[in-house]
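Contents: one structure, followed by commentary.
Residue numbering restarts at 1 for every chain, and letters A, B, ... go by the order of the sequence lines.
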Amino acid sequence: MIKVTLKDGTIREVEQGTTIAELALSISRGLAKVAVAGKVNDKTKDLSYPLTEDAAVEIVTLDSEEGLDVLRHSTAHLMAEAVGNLFPGTKFGIGPAIAKGYYYDFDSEHVFTPEDLVSIEKEMNRLVKEKHSFQRREVSRAEALSHFGKLGEKYKVELIEGLPDDATISMYTQGNFTDLCAGPHLPSTANIKAFKLMSLAGAYWRGSEKNKMLQRIYGTVFAKPADLEDHLFKLEEAKRRDHRKLGLELDLFSLHEEGPGFPFFHPKGMILRNALEDFWRQEHRRRGYQEIKTPIILNRSMWEQSGHWDHYKENMYFTEIDDQDFCVKPMNCPGGMIMYKTKMRSYRDLPLRVGELGLVHRHELSGALHGLLRVRNFTQDDAHIFMLPSQINEELIGVIELVDYFYKVFGFEYNVELSTRPEDSMGSDEDWETATKALQAALEDKGIEYKINPGDGAFYGPKIDFHVKDCLDRTWQCGTIQLDFQMPEKFDLSYIGERRSKASPSHGSPGCVWKY
RNA sequence: GCCGAUGUGGCUCAGAGGUAGAGCAGCUCACUCGUAAUGAGCAGGUCGUCGGUUCGAUUCCGACCAUCGGCUCCA
């Protein structure tokens with residue numbers, strides 16, 4: 001007999017080899033019915049997993065996000081099987097569970113159409129009726145490679161090769177479809193009761209535009225039909241709240257072929273903008289910010305000095321004045337640097353908090369444009385904080401609180417990422433290290449959960465990115481807090497220190513708490 | 001940029017190889033009924049752009065432009 005500690009803390013004695021499904025049944029019939037997987041010492045396992053030693057076990061049900069993830073992932077496999085049946089020769093990419101559903105990437109000669117989704121859905125229904133069980137099998141690396149190698153599943157082979165040496169490699173089979181997968185899965189396809197295929201999209205293998213573009217099919221799935229309907233209804237409701245639709249109906253703004261990504265603000269839209277700006281000014285004034293305005297066009301040599309010419313050129317627009325090259329600003333910081341240098345600064349002046357509502361232009365990829373959320377010009381409510389090294393932490397925390405305050409006022413949900421040094425960047429490793437640590441420290445002091453986004457920092461410094469959610473739960477990178485030691489150095493900024501020594505201030509650039 | 005879809009009057013959409021319609025909005029007149037749409041009438045489109053096929057294209061083909069859904073939420 002072994003001892004199993006349940007979620008509520010009770011300890012149960014069961015025979016060695018008892019599966020999680022049997023354990024669930026021994027607890028209650030109702031629980032066994034909704035159980036989809038188990039967690040053994042915090043590791044998710046199939047219901048068929050036999051318990052061999054004392055452990056903490058939790059039954060995962062469809063009432064939880066974890067349970068739904070199992071359902072979603074299994075449905076992805078189901079869809080892959082259907083696609084494989086209908087379109088022989090299809091190669092399989094990955095098919096993870098995502099929020100509210102799942103997707104699967106396929107490499108197929110056949111170009112999928114919306115009509116195909118209907119037939120794939122039918123095939124899925126057929127497979128559900130056949131009640132195929134999901135069978136797990138653990139295999140050696142060599143066996144896995146040979147299995148998928150023989151089938152010409154090059155993406156699977158690539159995945160296997162990328163697995164860590166000590167990884168347990170497992171494959172799941174249902175019906176005549178076998179996939180490389182860590183699991184866990186539902187006991188059977190029969191447990192999939194409420195799904196719908198949603199859309200088709202192109203997606204680069206592993207998200208890199210250097211790789212081949214695969215065809216992605218998105219699907220959604222829920223525990224029961226009522227939940228699915230509820231979700232579809234909410235999607236419809238969200239569409240009605242799409243800012244692009246509202247912008248048109250309420251006569252707030254418009255977009256035109258004459259200027260893709262360059263929005264026109266109408267009188268009513270300006271009323272909103274002005275109200276936002278009033279609020280922005282009020283809150284910044286309260287926090288010790290002064291306001292400036294710097295030019296939209298500055299000469300090339302300045303952009304060479306700032307590093308933009310070398311690191312940001314592909315996103316910039318250019319013009320010529322009196323036979324000299326000029327650039328349209330993609331960022332406000334260099335203007336702020338020039339402003340700083342207009343007079344001698346003392347350490348007593350620091351921190352110097354300066355805000356700017358600056359109109360910036362950036363060349364975004366045509367396919368990325370989206371209403372007012374991804375545009376080619378926008379007013380960025382930028383700020384430049386010039387500060388002593390000793391003031392960094394406090395200032396960063398102040399900015400984090402400011403961003404949080406603004407988002408809370410408008411009811412935005414957001415998540416936070418820490419973006420680190422990109423390949424194409426400038427400055428010493430030490431500076432990057434210091435700056436990244438400082439941002440990290442500020443986040444940790446505030447107790448904010450964040451995830452690291454490697455290589456996505458600005459070319460001159462790491463940043464904290466705030467991703468806000470839209471009505472369809474899509475996230476958009478909005479606010480960002482950057483800490484850079486590069487600009488002050490490039491522009492030779494200085495202040496007179498306590499001992500009359502000259503030193504270079506640090507520059508924090510809390511860009512766009514919002515942008516519009 | 002890449003994959004797929006779409007592109008018809010201000011808006012929402014229908015339509016077919018032979019030179020285009022509906023509703024709403026707009027304008028005029030009447031009604032005055034008070035808070036999303038009363039009646040009658042009028043006006044409004046080189047059917048995204050440019051080429052090609054054809055006796056003829058907005059409808060077929062191609063290119064381009066724009067818009068929409070996506071482009072790691074990692075086996």
Original post:
Atom CG of A:N211 to atom C1' of B:C2: distance rounded to whole Å?
Top reply: 12 Å
**OP:** Measure from the side-chain N and O atoms of A:E249 to the backbone N and O of A:L246, and report whether any donor-acceptor pair falls under 3.5 Å.
**Re:** no
Subject >> Whole-Å distance separating the CD atom of A:E257 from the C1' atom of B:C50 >> reply: 13 Å
Original post:
How far does the C1' atom of B:C61 sit from the matching atom of B:C2, given to the nearest Å?
Top reply: 23 Å
Original post:
Whole-Å distance between B:A75 P and A:H147 NE2?
Top reply: 18 Å
**OP:** Report yes or no: is there a donor-acceptor pair, N or O only, under 3.5 Å between the side chain of A:Y204 and the base of B:G1?
**Re:** yes
**OP:** Check every atom of B:C71, B:A75, B:G69 against the side chain of A:A203 and return the nucleotide holding the closest atom.
**Re:** B:C71
Subject >> Shortest non-hydrogen contact between A:G175 and A:T173, atoms and distance >> reply: O-CG2, 3.7 Å
Original post:
Contact class for A:I94 (heavy atom, under 4.0 Å): base, sugar-phosphate, or nothing?
Top reply: sugar-phosphate
**OP:** Would you mind telling me which residue lines up with the more 5' stretch of RNA chain B, A:L180 or A:F112, judged by nearest nucleotide?
**Re:** A:F112
**OP:** Considering just the side-chain nitrogens and oxygens of A:S199, establish if one lies under 4.0 Å of OP1 or OP2 belonging to B:G69.
**Re:** no
Original post:
Within a reach of under 6.0 Å around NZ of A:K100, are more than 12 heavy atoms found that belong to other residues, nucleotides or ligands?
Top reply: no
**OP:** Determine the interatomic distance between P on B:C68 and the same-named atom on B:C11; round to the nearest Å.
**Re:** 14 Å
Subject >> Main-chain N/O of A:M270 paired to A:N274 side chain as donor or acceptor, under 3.5 Å >> reply: yes
Original post:
Would one find a side-chain N or O of A:R206 under 4.0 angstrom from OP1 or OP2 of B:C74?
Top reply: no
Original post:
Does CG in A:D42 sit with more than 12 non-hydrogen atoms of other residues, nucleotides or ligands closer than 6.0 Å?
Top reply: no
Original post:
A:E417 has an atom CD; how far is it from atom C1' of B:C73, in whole Å?
Top reply: 11 Å
Subject >> First of A:W205 and A:K156 reached from the 5' end of RNA chain B, by closest nucleotide >> reply: A:W205
Original post:
Is A:H77 near enough to B:A75 that one of its side-chain N or O atoms lies under 4.0 angstrom from OP1 or OP2?
Top reply: no
Original post:
Which value, in whole Å, describes the distance between the P atoms of nucleotides B:C71 and B:U35?
Top reply: 47 Å
**OP:** Kindly say if A:R216 contacts the phosphate of B:C2, meaning a side-chain N or O under 4.0 Å from OP1 or OP2.
**Re:** no
Original post:
Is there a side chain to side chain donor-acceptor pair (under 3.5 Å) between A:D465 and A:Y414 once you walk through the steps?
Top reply: CA-CA 10 Å; A:D465 288 325; A:Y414 63 89; over 6 Å; no
**OP:** Could you run through RNA chain B and flag its stems, i.e. three or more consecutive Watson-Crick or G-U pairs with both distances under 3.5 Å?
**Re:** B:1-7 with B:65-71, B:10-13 with B:21-24, B:26-30 with B:38-42, B:48-52 with B:60-64
Original post:
Does some side-chain heavy atom of A:F459 sit less than 4.5 Å from a side-chain heavy atom of A:Y312?
Top reply: yes
Original post:
Looking only at atom P, what distance separates B:U28 and B:G34, rounded to whole Å?
Top reply: 23 Å
Subject >> Donor-acceptor under 3.5 Å (A:D46 side chain, A:S48 main chain) >> reply: no
**OP:** Could you check whether A:A167 gets within reach of a base, just the sugar-phosphate, or nothing at all, counting any heavy atom under 4.0 Å?
**Re:** nothing
Subject >> Gap in Å between the two P atoms, one belonging to B:C42 and one to B:G21, rounded >> reply: 14 Å
Original post:
A:L246 CG to B:U12 P: how many Å, rounded?
Top reply: 13 Å
Original post:
So does A:Y218 get a side-chain nitrogen or oxygen closer than 4.0 Å to the phosphate oxygens (OP1/OP2) of B:C71?
Top reply: yes
